[in-house]
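Worksheet: one structure, shown below.
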Amino acid sequence: MPTYSIGQAAALLGVSSETVRRWADAGRLRMERDGTGNRVIDGVGLAAFAQERGVGAYEVPGGVATSVRNSFVGIVTAVTVDDVAAQVDIQCGPHRVVSLVTRESVEELGIEVGVTVTARVKSTHVHVDLG
């Protein structure tokens, strides 16, 4: 299972490292120590926290800022797989992105809850890259 440093979690959540530390100290976000004594957050816990924060917690700014390539880095919050296709739910800051991809792609890329990915949007297609 992937784990994230305080800085990585802060970047994914769109807040400062100090904010992540305060959330952990207040018991809102669970942290553990890795083998070297550094504080880390497990990917599944971070995904759940990001998803909770994304529900009505962010104001949408008047102008939409996008890159030329329309890339959204986020954390996978859910993966639903059947025989052929898979639905991947991604929390990208305040935005939820849902992509339908093949089951084979999910398996080959190792996409699972708590993994960082990049959703790339072109027209009506979303391509997911490991982040």
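Residue numbers run from 1 in the order of the sequence given. What you see is a predicted model; the values in this text were computed from it and never measured.
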4.5 Å side-chain heavy-atom contact, Ile41 and Val20:
yes
State, yes or no, whether a side-chain contact exists between Glu112 and Val76 at a heavy-atom distance under 4.5 Å.
no
More than 12 foreign heavy atoms under 6.0 Å from CD of Glu107: is that the case here?
yes
Val106 and Ala86: which non-hydrogen atoms are nearest, and at how many Å?
CG2-CB, 3.5 Å
Looking only at heavy atoms, the pair that brings Val128 and Leu109 closest together is O-CD1, 3.7 Å
As a quick check of understanding, evaluate side chain to side chain contact (heavy atoms under 4.5 Å, CB included) for Leu46 and Leu13, giving each step before the final call.
CA-CA 9 Å; Leu46 183 58; Leu13 295 170; 3.9 Å; yes
Non-hydrogen atoms of Ser17 and Ala10 that approach each other most closely
N-CB, 3.7 Å
What's the separation between atom CZ in Phe49 and atom CZ in Arg28, rounded to the nearest 0.5 Å?
4.5 Å
Among all residues two or more places apart in sequence or in another chain, which pass the side-chain hydrogen bond (donor to acceptor under 3.5 Å, both in side chains) test with Asp34?
Thr36
Rounded to the nearest 0.5 Å, what separation is found between the CD1 atom of Ile111 and the CG atom of Asp129?
9.0 Å
Report the C-alpha distance between Arg22 and Val15 in whole Å, list the side-chain angles of each, state the deciding distance to 0.1 Å, and finish with yes or no for side chain to side chain contact (heavy atoms under 4.5 Å, CB included).
CA-CA 11 Å; Arg22 281 195 305 270; Val15 298; over 6 Å; no
For Cys92 and Val97, which heavy atoms make the closest approach, and how far apart are they?
SG-CG2, 3.9 Å
I need the Asp42 CG to Thr3 OG1 distance, nearest 0.5 Å.
8.5 Å
Between Glu32 and Arg39, is there a side-chain heavy-atom distance shorter than 4.5 Å?
no
Distance-only donor-acceptor check, side chains Asp89 and Gln91, under 3.5 Å
no
Does the pair Met31 and Ile6 meet the rule for a side chain to side chain contact (heavy atoms under 4.5 Å, CB included), with working shown?
CA-CA 9 Å; Met31 281 196 202; Ile6 291 171; 3.6 Å; yes
